[in-house]
Amino acid sequence: MFSDFRAFVIKFLYCAFKSSGWRQEEVMRVRFAPAPTGYLHLGGARTALFNWLLAKQHQGKFILRVEDTDIKRSTQESVQVILDSLNWLGITWDEGPYFQSERIHIYKEYIEKLLQENKAYYCYCTPEELKAQRQEALESPDRPAYDGRCQNLSLAQRQEYESGGRKPVVRFQILPGMTTVNDLIRGELTFDNKLLGDFIILKSDGMPTYNFACIIDDALMEITHVIRGEDHISNTPRQILLSQALGFKLPIFAHLPLILGTDKTPLSKRHGDVAIGHYIQEGYLPEALVNYLALLGWSTSDSQQIISGSELVVKFSLERVSKNPAIFDLEKLRWLNGEYIKGLDIDTLTGLCGKYLNKIENRKSKIENRKFKEIVRLFQERMRTLGDFVERARFFFVDTGSLVYEPEAMTLLTKNGVSEIMEQVKTKLSQLSSFTPDSIEMCIRRLAEELRIKAADIIHPLRAALTGSKVSPGIFEVVALLGKKIVTERISKVLKN
RNA sequence: GUCCCCAUCGACUAGUGGCCCAGGUCAUCACCCUUUCACGGUGACGGCGGGGGUUCGAAUCCCCCUGGGGACGCCA
């Protein structure tokens with residue numbers, strides 16, 4: 001009696017866990033297997049992260065495997081970018097990177113074995129012929145894409161094709177039946193074999209296809225858990241069938257929900273900034289990105305938002321991974337990044353901001369270290385990325401001559417009576433002997449009293465004059481850090497215009 | 001078209017039959033603080049896609065519909 005069906009399912013899966021051979025005492029082995037055809041994107045990074053988290057949690061091994069069987073599209077630069085991105089995120093691997101392109105001889109062995117056992121066969125259909133077949137299949141339902149026409153080719157027919165210059169592929173023969181995938185996240189998924197079609201396992205260029213190389217490597221590398229994106233679900237029955245044909249032990253599968261863009265389609269280049277490299281450049285912290293990525297499809301029972309990497313290692317679990325796709329929300333990432341920046345000690349943050357200084361055009365050559373640190377301090381709770389710092393603190397680092405005035409700032413400066421006020425401010429400030437935020441504040445407030453105006457009437461135009469903007473950190477700190485010389489210089493400049 | 005998956009505020013999610021006329025976080029809005037911005041504080045707005053069941057009782061279980069997504073490559 002299953003009063004609680006879900007408990008039953010969980011129990012069932014637990015048994016699947018056991019029967020597939022993995023016991024807690026055994027070393028968990030997971031892998032991340034990117035194709036080096038571009039950069040590491042957000043989805044891949046999350047897949048890598050979840051694998052890594054699990055490996056760390058169970059003191060297992062995280063294996064990096066580069067799936068470069070598409071020789072046309074794989075590049076060395078891409079490999080480097082992916083490795084760099086993983087390193088930046090703090091996702092370290094215990095083994096690898098292995099390259100599938102260096103393991104061709106291994107795949108060939110197994111191809112040979114399947115051929116010998118009549119579990120695979122040569123196919124001489126050309127891409128054009130296949131395309132036509134596919135078209136037909138699409139029109140008449142219930143027909144597999146490939147009809148198996150090369151299955152029983154005679155030696156003579158094969159020789160005829162070969163002499164015609166055709167290079168064969170090798171197809172895996174699918175036997176009728178049903179194949180069940182036990183997925184840790186989704187439960188039991190059943191597929192009808194006849195819908196799978198005799199798929200290609202060796203391409204005519206001699207390279208194995210994804211499904212083949214993948215399952216061979218997973219088996220030989222003794223992968224215990226295959227954790228990957230949901231887009232691989234339909235590959236899984238194929239891989240299971242291959243695995244069984246070869247007598248391999250099956251790993252445990254877990255398919256993660258996809259990450260989508262705001263238009264609810266899977267995140268891709270079309271959505272713009274999906275490369276991890278982009279977030280590195282914009283000044284996101286790896287800890288923040290890791291935190292955000294973890295929250296995309298996974299959560300704690302109390303919806304905790306800020307979770308450090310080490311805490312993630314302890315708390316993460318596949319059981320709590322959600323089944324529905326998650327939409328990537330840049331605003332939340334920015335917020336999280338801001339939280340992490342606020343949590344940084346000032347010296348660390350100063351160091352990080354220092355690296356972004358060279359992004360400022362027309363920058364003055366040098367700045368005192370102590371002063372720079374104070375500037376960073378002013379922006380610590382105002383920035384969400386290090387890129388924000390560059391933009392907002394720019395006025396500290398450029399010459400008065402190249403300071404840009406925003407239209408809103410100009411409006412503040414051209415109001416009636418502002419010139420007179422600024423003239424007074426300049427005089428008073430230049431007479432100050434101690435140039436600290438406190439003394440400056442006292443000076444300005446006293447001046448406001450003398451002129452019988454509100455302090456704000458001095459502060460706003462002063463901010464505009466010094467920063468070129470109507471927003472900035474506290475003006476007294478800004479004045480103090482800018483220094484008397486630059487302050488008088490900038491006020492003079494606006495008075496002239 | 002066929003197969004598979006999914007469905008709670010605008011977004012991420014909590015929720016495993018009564019603690020939920022649904023909780024947290026981001027975003028949005030208002031107020032407080034205040035020299036602007038940000039921070040911080042207080043509060044508001046806002047959701048179980050629809051329809052049938054099962055049950056004393058359903059966001060939670062079942063069915064149908066609808067919607068979204070994935071796969072159907074000599075890409076991975």
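Convention: sequence-line order gives letters A, B, ...; per-chain numbering from 1.
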Chemist: Give, ordered by number, those residues of residues 454-464 of chain A having at least one heavy-atom distance below 4.0 Å to an atom of RNA chain B; if nothing qualifies, reply none.
Modeler: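 Contacts with RNA chain B under 4.0 Å: A/Ile459, A/His460, A/Arg463.
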Chemist: May I have the step-by-step check of ring-ring contact (aromatic ring centres under 6.0 Å, His included) for A/Phe212 and A/Phe199, ending in yes or no?
Modeler: CA-CA 10 Å; A/Phe212 190 72; A/Phe199 58 94; 8.8 Å; no
Chemist: Any strand counts, and the cut-off is 3.5 Å on both contacts for Watson-Crick or G-U wobble. Which nucleotide pairs with B/G1?
Modeler: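 WC or wobble partner is B/C72.
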Chemist: Under the 3.5 angstrom rule, does the side chain of A/Gln305 hit a backbone N or O of A/Ser303 as a donor-acceptor pair?
Modeler: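 A pair under 3.5 Å: yes.
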Chemist: Nearest of B/A14, B/G70, B/A27 to any side-chain atom of A/Glu331?
Modeler: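 Within the option list, the nearest is B/A27.
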Chemist: Is any side-chain heavy atom of A/Phe397 less than 4.5 Å from a side-chain heavy atom of A/Val390?
Modeler: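 A/Phe397 does not reach A/Val390 side chain to side chain.
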Chemist: Within the side chain of A/Arg392, is there an N or O that forms a donor-acceptor pair under 3.5 Å with the backbone of A/Arg382?
Modeler: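 Indeed, once roles are kept as given, a pair shorter than 3.5 Å links the two residues.
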Chemist: How far does the P atom of B/C62 sit from the matching atom of B/G18, given to the nearest Å?
Modeler: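 Here B/C62 and B/G18 have their P atoms 16 Å from each other.
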Chemist: Whom does B/A7 pair with, Watson-Crick or G-U wobble, provided both distances fall under 3.5 Å?
Modeler: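 Per the H-bond distance test, B/U66.
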Chemist: Going by heavy atoms in the side chains, are A/Glu423 and A/Lys426 under 4.5 Å from each other?
Modeler: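 In short, these two side chains touch, coming nearer than 4.5 Å.
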Chemist: Rounded to the Å, how far apart are A/Arg377 CZ and B/A38 C1'?
Modeler: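 My rounded result for the distance is 17 Å.
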Chemist: How would you label the contact of A/Gly229 with the nucleic acid (heavy atoms, under 4.0 Å): base, sugar-phosphate, or nothing?
Modeler: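 No contact.
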Chemist: Starting at the 5' end of nucleotides 71-76 of chain B, put B wherever the base has a protein heavy atom under 4.0 Å, S where only the sugar-phosphate does, and a dash everywhere else.
Modeler: S-SBBB
Chemist: Have a look at A/Lys131 and say if it touches a base, only the backbone sugar-phosphate, or nothing, with a 4.0 Å heavy-atom cut-off.
Modeler: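 Nothing, no nucleic acid heavy atom in range.
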Chemist: Out of the candidates A/Asp192, A/Asn193, A/Thr236, only one should pair with A/Thr179 under the side-chain hydrogen bond (donor to acceptor under 3.5 Å, both in side chains) rule; please name it.
Modeler: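 With A/Thr179 as partner, A/Asp192, A/Asn193, A/Thr236 yield a single side-chain hydrogen bond (donor to acceptor under 3.5 Å, both in side chains), made by A/Asn193.
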Chemist: Using modelled atom types only, decide if a donor and an acceptor are shared between the side chain of A/Asn51 and the backbone of A/Thr47 within a distance under 3.5 Å.
Modeler: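 Yes.
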Chemist: Check nucleotides 4-11 of chain B against the protein and report each pair of N or O atoms closer than 3.5 Å, with its distance, or say if there are none.
Modeler:
| from | atom 1 | to | atom 2 | distance (Å) |
| --- | --- | --- | --- | --- |
| B/C5 | O2' | A/Arg186 | NH1 | 2.7 |
| B/U8 | OP2 | A/Asn324 | ND2 | 3.1 |

Chemist: In this structure, how many angstroms lie between the P atom of B/U35 and the CG atom of A/Leu447, rounded?
Modeler: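 Roughly 16 Å, once rounded to whole Å.
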Chemist: If the P atom of B/C32 is compared with that of B/C21, how far apart are they to the nearest Å?
Modeler: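 Going atom to atom, P in each nucleotide, I get 34 Å.
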Chemist: If the C1' atom of B/U16 is compared with that of B/U2, how far apart are they to the nearest Å?
Modeler: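 My reading of the C1' atoms in B/U16 and B/U2 gives 33 Å.
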Chemist: Got a donor-acceptor pair under 3.5 Å from the side chain of A/Thr265 to the base of B/G68?
Modeler: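 In this structure, the two groups form no donor-acceptor pair.
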Chemist: Quick one: is A/Arg384 getting a side-chain N or O under 4.0 Å of the B/A27 phosphate, OP1 or OP2?
Modeler: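 Result: yes.
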Chemist: Scan A/Pro257 against the nucleic acid and name what it touches under 4.0 Å (heavy atoms): base, sugar-phosphate only, or nothing.
Modeler: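 No contact at all - A/Pro257 keeps every heavy atom at 4.0 Å or more from the nucleic acid.
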Chemist: Establish, for the pair A/Arg166 and A/Tyr124, whether the NZ or CZ atom is under 6.0 angstrom from the six-membered ring centre and no further than 45 degrees off its axis.
Modeler: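 Ring-cation test returns no.
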Chemist: Do the side chain of A/Asn337 and the main chain of A/Leu285 share a donor and acceptor less than 3.5 angstrom apart?
Modeler: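 It does hold such a pair.
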Chemist: Calculate the interatomic distance between A/Arg320 atom CZ and B/C12 atom P; express it in whole Å.
Modeler: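 Taking CZ of A/Arg320 and P of B/C12, I get 17 Å after rounding.
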Chemist: What's the closest nucleotide to the side chain of A/Ser299 if the choices are B/U13, B/A38, B/G70?
Modeler: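 Nearest listed nucleotide: B/U13.
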Chemist: Quantified in whole Å, what is the C1' atom distance between nucleotide B/C26 and nucleotide B/G67?
Modeler: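 Rounded to whole Å, the distance is 25 Å.
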Chemist: Nearest whole angstrom, please: distance from the C1' of B/C39 to the CZ of A/Phe379.
Modeler: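 From A/Phe379 CZ to B/C39 C1': 14 Å.
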Chemist: Take atom NZ of A/Lys470 and atom P of B/U34, then tell me their distance rounded to the nearest Å.
Modeler: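 Result: 21 Å.
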Chemist: Take atom C1' in B/C6 and the same atom in B/G23, then report the distance between them in whole Å.
Modeler: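 It works out to 23 Å between them.
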Chemist: State, yes or no, whether a side-chain contact exists between A/Trp298 and A/Ile307 at a heavy-atom distance under 4.5 Å.
Modeler: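 Of all side-chain heavy-atom pairs linking A/Ile307 with A/Trp298, at least one is under 4.5 Å.
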Chemist: For B/U35, does either OP1 or OP2 sit under 4.0 Å from a side-chain N or O belonging to A/Arg445?
Modeler: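 So the side-chain polar atoms of A/Arg445 do come within 4.0 Å of the phosphate oxygens OP1 or OP2 of B/U35, strictly under.
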Chemist: For B/C9 and B/A14, measure between their C1' atoms and round to the nearest Å.
Modeler: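 Result for the C1' pair: 13 Å, nearest Å.
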Chemist: What's the CG-C1' distance between A/Asn291 and B/U25, to the nearest Å?
Modeler: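 Whole-Å distance recorded here is 11 Å.
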Chemist: Output the rounded distance in Å from CD (A/Glu449) to P (B/U35).
Modeler: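 It works out to 14 Å between those atoms.
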Chemist: Base, sugar-phosphate alone, or nothing: which one does A/Ser472 contact when heavy atoms must sit under 4.0 Å apart?
Modeler: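 Base contact.
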Chemist: Would the A/Tyr284 and A/Tyr340 ring centres measure less than 6.0 Å apart?
Modeler: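 They do not qualify: ring centres at least 6.0 Å apart.
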Chemist: Could you check how far CD1 of A/Ile306 sits from C1' of B/C26, rounded to whole Å?
Modeler: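 Rounded to the whole Å, the gap is 11 Å.
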Chemist: C1' atom, B/A76 versus B/A71: distance in rounded Å?
Modeler: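 It works out to 13 Å between them.
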Chemist: Please tell me whether A/Phe50 and A/His225 form a close aromatic pair, meaning their ring centres lie under 6.0 Å apart.
Modeler: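 No, they do not, as the ring centres are separated by 6.0 Å or more.
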Chemist: Say we look at B/G73 and B/U55: how far apart would their C1' atoms be, to the nearest angstrom?
Modeler: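 Comparing C1' positions in B/G73 and B/U55 gives a spacing of 50 Å.
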Chemist: Return yes if some donor-acceptor pair links the side-chain N/O of A/Gln380 with the main-chain N/O of A/Leu344 below 3.5 Å, else return no.
Modeler: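 Yes.
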Chemist: Would A/Glu128 and A/Lys131 pass as an ion pair if we require N to O under 4.0 Å?
Modeler: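 No, this pair does not count.
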